[in-house]
Structure formats: C-alpha cells, structure tokens
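First comes the structure, then the notes that go with it.
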Amino acid sequence: MVLDDLGSSLRGTLDKLRGKSRISEEDVDEIVKEIQRSLLQADVDVSLVMELSDSIEERALEEEPPGGTSARDHVLRIVYEELVDLVGESTEIPLENQTILLAGLQGSGKTTTAAKMAWWFSKKGLRPAVIQTDTFRPGAYDQAKQMTERAEVAFYGDPDEDDPVKIARDGLEATEDADVHIVDTAGRHALEDDLINEIEDIESAVEPDRSLLVLDAAIGQGAKDQAREFDDSIGIDGVAITKLDGTAKGGGALTAVDETGSTIAFLGSGETVQDIERFEPDSFISRLLGM
Amino acid sequence: VIDEEDLDGPLRELELALLESDVEMSVAEEILDQIRDDLVGEERKFTESTGALVEDALRDALLSVIDVNGFDFEEAIAESEKPVTVVFTGVNGVGKTTTIAKLAKRLEDQGYSVVLANGDTYRAGANEQLQEHADNLGVKLISHEQGGDPTAVVYDAVEYAEANDIDVVLGDTAGRLHTSSDLMTQLEKLDRVVDPDYTVFVDEAVAGQDAVNRAREFDDAAAIDGTILTMADADSQGGAAISVSHVTGKPILFLGTGQGYDDIQKFDPEALVDDLLED
Ligand SMILES: Nc1nc2c(ncn2[C@@H]2O[C@H](COP(=O)(O)OP(=O)(O)OP(=O)(O)O)[C@@H](O)[C@H]2O)c(=O)[nH]1
Ligand SMILES: Nc1nc2c(ncn2[C@@H]2O[C@H](COP(=O)(O)OP(=O)(O)OP(=O)(O)O)[C@@H](O)[C@H]2O)c(=O)[nH]1
Ligand SMILES: [K+]
Ligand SMILES: [Mg+2]
Ligand SMILES: [Mg+2]
C-alpha cells in the first residue's frame, strides 16, 4: 500500500523521542533523514522529498510545541500536517451523471480501471457505460468488452473504426441511457506528440467532467514529467493508482498530485473488477503514521 | 591523498543523482560504497578535482554492474539446438506480449521460423491480442481457451515446432505481481515442466525502486537469463537497467523503444552509462 513503510520506519525513529520534552537538532536531523529515505524508496520525486523534508525540519526546529505536548507528538503533528497538505482530499466523485476520461502511460492499467470504476459506480446504484477508444493496441476492444462483461456494465467500442474521436462521439450517443460514461483511451506517454494531440482531440469531443491519470504504483521518477504533460494537454483532476497489490509504494502518485494540483481518486489492487477502492486520505495518513 | 571527508559531499550528491535516475536505493548505496573504497587513500594528481575522480569511478562502477557478459540473445538462438524455446516473464503490463511480437519479426527477418505460444490464459483479451500480432506478422500462434493451463500451451507449441521444423518457440505468460504466490507457483511449474532453453524477464525502463523486488522474485521462480527493458522511449533515466542487472547478474538484452514492431534495439551498456552521467 502507498508508502506503508514510512509508518513503521518513522514510528521507530519517533519512538526514540518518547519521554523527551525538547528536541535537539540532532533528533530532527535523524527524523528528517528517515522521512527522506522512506519517501525516496517509495518513488516520490527527489526534489519534492527535499522540499517536504526541509519544511518539516524548519517547523520542527522553529515552532514551539503547544503546552503539554511531547516532542514526539509535536514532530508527528508536523509530519501529519505536511502530508495532509500534500495529499489533500480524495478527488471529488459525485454520485451523479458525468463523463470521466482516463489517460495514462502504456500498460498503466486504464482499461482494467475503466471496468473497475464502472463496477464501483454500479454498486453505488448508477448505470455506467465504458467506451473503448483504443484503436491501436491489438485486442484492446476484446479486452474492454470482456472486462465490462465481468463487471456487468454497458460497453461501447467499434473494432472496425480507426478514429478514436469518432468512437468517443458515437459511444456517448450509443450509451445515452447510462448515467456515468467512462472513456478509456490508448496508452501514450509525454514524448509522443501525435498521441498527445490525439487525446486532446478526444478530450475536446468528450468534454469530460473529470479526467483521471491512471498511474502504475511502480512508476519511478518519470512520474513528474509524465503528469505535467498530461495535465498540460487535457487537465488532470485526479489520479488512480494501480497495482498496489504488489510491493511498489505508489509515491509517484504523490509526485503527480503535487505536479498537477490534483488529488488521488481511486486505488487499484488486483486484476478483477472488484479490486478497487476510493482513496481515503484520513485513514491513509493516520495508518501511515500509526495514529 | 583523498580521505573520506573529501568524498562526503560529492558522494551525497551522487546518491541523489542516482536516485533521480531511478537506481534503487540499496543498489545506489552499494555503488557508492564501491566508489568510496576505490578512491579513499588514492593519490590525487593535482590537476584532478574530487568531482572528476568520483565521476570516473562512477562510470567504472556502473559499467561493472551492467556490462555483464555471457549471454547474447541472438548468438544463443543461432547456436542452440532447434527448436529453441524462450519464455518471457514479468509483472503486469510491462510489454511482454508486444516484445514477443517484435522479436518474432526480428527473428523471422533474420531467417528463422517462429511459433508463438500464448501462455497468458488469464487476462481478458490476451488471446485476441497475440492472435492479431501473429496475423500481422504471418506467424503461427498456439493458444488454448481462457482459463487453460499455460504449461500445456507452451508444451503444445514446442511439439508443434518439433513436428513442423520450426526454429524458435516464443512463449508468452500472463503478467503477475510477484506478491501473488499462486501465480508465482504456476510460473515455477511452467519453468519446471517446459524447461525452456531461455527465460527472458521483461520490465519497463520507467519502473522505479520496485524493479529490484520483482527482478529478484521472478529470478527465484524461474531463473532469468537476461532482461528486456521496454518504454525506453518514454525518456526514462535508465536506472532500472542498473537495478535489475545488479539483482540478476544477467545482461540487459534489448531496449523496447516504441510500440512498432521494429522498435527494439540491442542494449548498449556504454550508451546507457553515458546517458546516466550526462546530467
Ligand atoms: N495485479 C494487478 N494488475 C493490474 C491492476 N490493474 C491492472 N492490472 C493489470 O495490468 C495489466 C495492464 O492493464 P491494462 O488495463 O491493460 O492497462 P492499460 O493502461 O489499459 O494498457 P494500454 O491500453 O496498453 O495502455 C493487465 O495485465 C492488467 O490485468 C492492479 O491493480 N493489480
Ligand atoms: N511506448 C512504448 N510502449 C510499449 C513498449 N512496449 C510495449 N508497449 C505498450 O505497452 C502496453 C502493454 O504492452 P503488452 O505487451 O500488452 O504488455 P504485457 O506485459 O504483455 O501485459 P500483460 O500481459 O497484461 O501483463 C501496450 O500498449 C504496448 O503497445 C515500448 O517499448 N514503448
Ligand atoms: K506499464
Ligand atoms: Mg488499455
Ligand atoms: Mg501480455
């Protein structure tokens, strides 16, 4: 799960502060190093880690702990606040009619996430439809079709059409009855100008209420540039992290929300349509810090 | 003479640079330790700055990790008794299937005959995906129904190759995370029963710190002879090549550089190190 090592390593370090009422510079230094290590091992962007740890360090040294607060609780509070600041709320996903566009790198999990989200909306009592606009990847149509059958939700695709924009338009019309339209797109990355133009065209045609960046939990430092490019081209409102059932920590998602000014929407942790949950920042950070 | 303290600053900077390039942390630390050992106590020529010395040492250290000899994919294909069976493994969505299609074309272009085996009997659309590649390339695909036994599929393909005088069997497998013990056991079984001539691990160049975990687990389940890194066209920093080579001790064979059939290049260790050292 996202950053779950930060909790244990940080708790270990913070526990050394137990019983102390004042923190020395050395204590702060050690804690900050531990935080840096955990964040870097979770694939959070290096410069973002430095910013975060600088501000934790500065505050821990400068701010007076409120009366009666132990040094440990004081530092913990600061770390908590800084993380809350970074992570923000969960992306708002109202339970009403809407169109959602999914975007992301090749193989990040978009098609699977489209079916999962559709399943999630249907459990909330809405009627979702998935529209597959990937005309490039062999088998993309069949994959989405089969996944939506498993999710028992409506599906539109056209294996004989090679214009994704047309499929998107036709798909919205054909699934008019649905409350929630989830538009899947082919994989692409920041340097593929043609494909970036293509998704801009899809975005213009679809006019989504929100666009989500689907990000593999294992993505490394490239997350920053990728997120920036997707945000510049279509505007990113939220991030869906996938493959959290592995050992990757998903820190790229923190980079991405920082870079795009967005938030985390969904967490994916398996290959079946049920393996999805909404991101819950409070429980996430509390669990992270063992509070 | 260089002492440890002279190195502290440059090495700390270096560690961050390696992390920025996606070299895994413990691997980066080992590389730094090696550089420290190499340099401490060295006589410094007065023209050389500590920074330049560190950079030279880093180049050597990085090359020693990734420039591992022993297995050249194309030589291996040429020299092995036919049919030669190669199985591709890796986590979900890293480009295994696409890489197999690229290699099928490359080998056919080199005059070999190829049969594909779809050992991915799990994922939705997997058969259709590989079938479309096979059709595009005009090669035979052996596949079974979804839910079938992957070992049986690859086994069938090997029999087909023997009966039809085919040179190379390229066996796909379903993506799986190394934390799924059922699927890792299935992979072990496939490796044991099919006993492929070579196992190629596929990962993506954009992977971060987790690259070491999965390389280690996949190597444990079905010993890796070499690695292919895809998505090298996404402007990745290349650190994953260092991490994976370090863990497996096996060479990086090719880089995937796009979604087209010809977007595959032989891996060049020197070029990667140049890239890494550039910024
Ligand atoms: N274990 C696990 N696998 C996942 C998860 N999400 C997706 N996958 C798998 O990751 C692989 C890629 O998923 P896709 O949904 O095809 O990814 P995509 O982004 O649509 O890929 P392209 O359309 O080629 O860009 C498939 O094997 C999926 O089953 C997850 O949360 N956990
Ligand atoms: N840009 C780029 N995309 C690639 C490369 N290699 C593969 N892809 C794309 O990555 C996506 C996933 O590729 P697949 O071959 O389906 O990956 P896989 O590992 O077989 O996936 P699963 O079978 O679901 O585990 C597809 O959209 C491919 O076109 C590459 O080198 N560069
Ligand atoms: K991927
Ligand atoms: Mg897809
Ligand atoms: Mg595949």
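Naming convention: chains lettered A, B, ... in sequence-line order (proteins, then strands); numbering from 1 in each chain. Please read all numbers here as calculations on a predicted model, not as lab measurements.
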For this session: Look at A:Met147, A:Glu271, A:Lys145, A:Gln226 and state which one has the largest set of heavy-atom pairs under 4.5 Å with chain B.
Result: A:Glu271
Problem set entry | Smallest separation among heavy atoms of B:Gln259 and A:Gly187, with atom names | NE2-O, 4.0 Å
Problem set entry | Contact class of B:Glu217 relative to chain A, heavy atoms under 4.5 angstrom | neither
For this session: Would you mind reporting whether A:Leu105 and B:Met231 have side-chain heavy atoms less than 4.5 Å apart?
Result: yes
Seminar exercise, completed: Of the listed A:Ala115, A:Pro138, A:Gly107, the one with the largest count of heavy-atom pairs under 4.5 Å with chain B is A:Pro138
Seminar exercise, completed: The reported gap from CZ in A:Arg137 to NE2 in B:His133 (rounded to nearest 0.5 angstrom) is 8.0 Å
Problem set entry | Under 4.5 Å from any heavy atom of chain A - which part of B:Gln131 | neither
Problem set entry | Which portion of B:Asn127 sits near chain A, non-hydrogen atoms under 4.5 angstrom | neither
Problem set entry | From CD (A:Gln221) to CD (B:Glu20), nearest 0.5 Å | 6.5 Å
Exercise. Can you tell me how far the CG atom of B:Asn213 sits from the OG1 atom of A:Thr247, to the nearest 0.5 Å?
Worked result: 4.0 Å
Exercise. At their closest point, which heavy atom of A:Leu191 faces which heavy atom of B:Asp233, and how far apart are they?
Worked result: CD1-O, 3.5 Å
Exercise. If you measure from the Lys or Arg side-chain nitrogens to the Asp or Glu carboxylate oxygens, is any gap between A:Arg37 and B:Glu29 under 4.0 Å?
Worked result: yes
Exercise. Which pair of heavy atoms, one from A:Ala218 and one from B:Asp210, lies closest together, and at what distance?
Worked result: CB-CB, 4.3 Å
Seminar exercise, completed: If one checks every heavy atom of A:Tyr141 against chain B at 4.5 Å, the contacting part turns out to be neither
Exercise. Would you say the side-chain atoms of A:Gln146 pair up with the backbone N or O of B:Ala124, donor to acceptor, closer than 3.5 Å?
Worked result: no
For this session: With rounding to the nearest 0.5 Å, note down the distance linking CD in A:Gln143 to CD in B:Gln129.
Result: 7.0 Å
Exercise. Above 12 or not: heavy atoms from other molecules or residues under 6.0 Å from CD of B:Glu188?
Worked result: yes
Exercise. Checking A:Asp216 against chain B: side chain, backbone, both or neither under 4.5 Å from a heavy atom?
Worked result: side chain
Seminar exercise, completed: Distance col, row A:Ser108:OG vs B:Asn92:CG, nearest 0.5 angstrom, shows 12.0 Å
For this session: Keeping the roles fixed (side chain from A:Asp43, backbone from B:Gln209), state whether a donor-acceptor pair exists under 3.5 Å.
Result: yes
For this session: Go through the steps to decide whether B:Met25 and A:Leu40 satisfy the test side chain to side chain contact (heavy atoms under 4.5 Å, CB included), and finish with yes or no.
Result: CA-CA 8 Å; B:Met25 187 179 277; A:Leu40 290 168; 3.7 Å; yes
Problem set entry | Interatomic distance, A:Gln106 atom CD to B:Thr98 atom OG1 [nearest 0.5 angstrom] | 9.0 Å
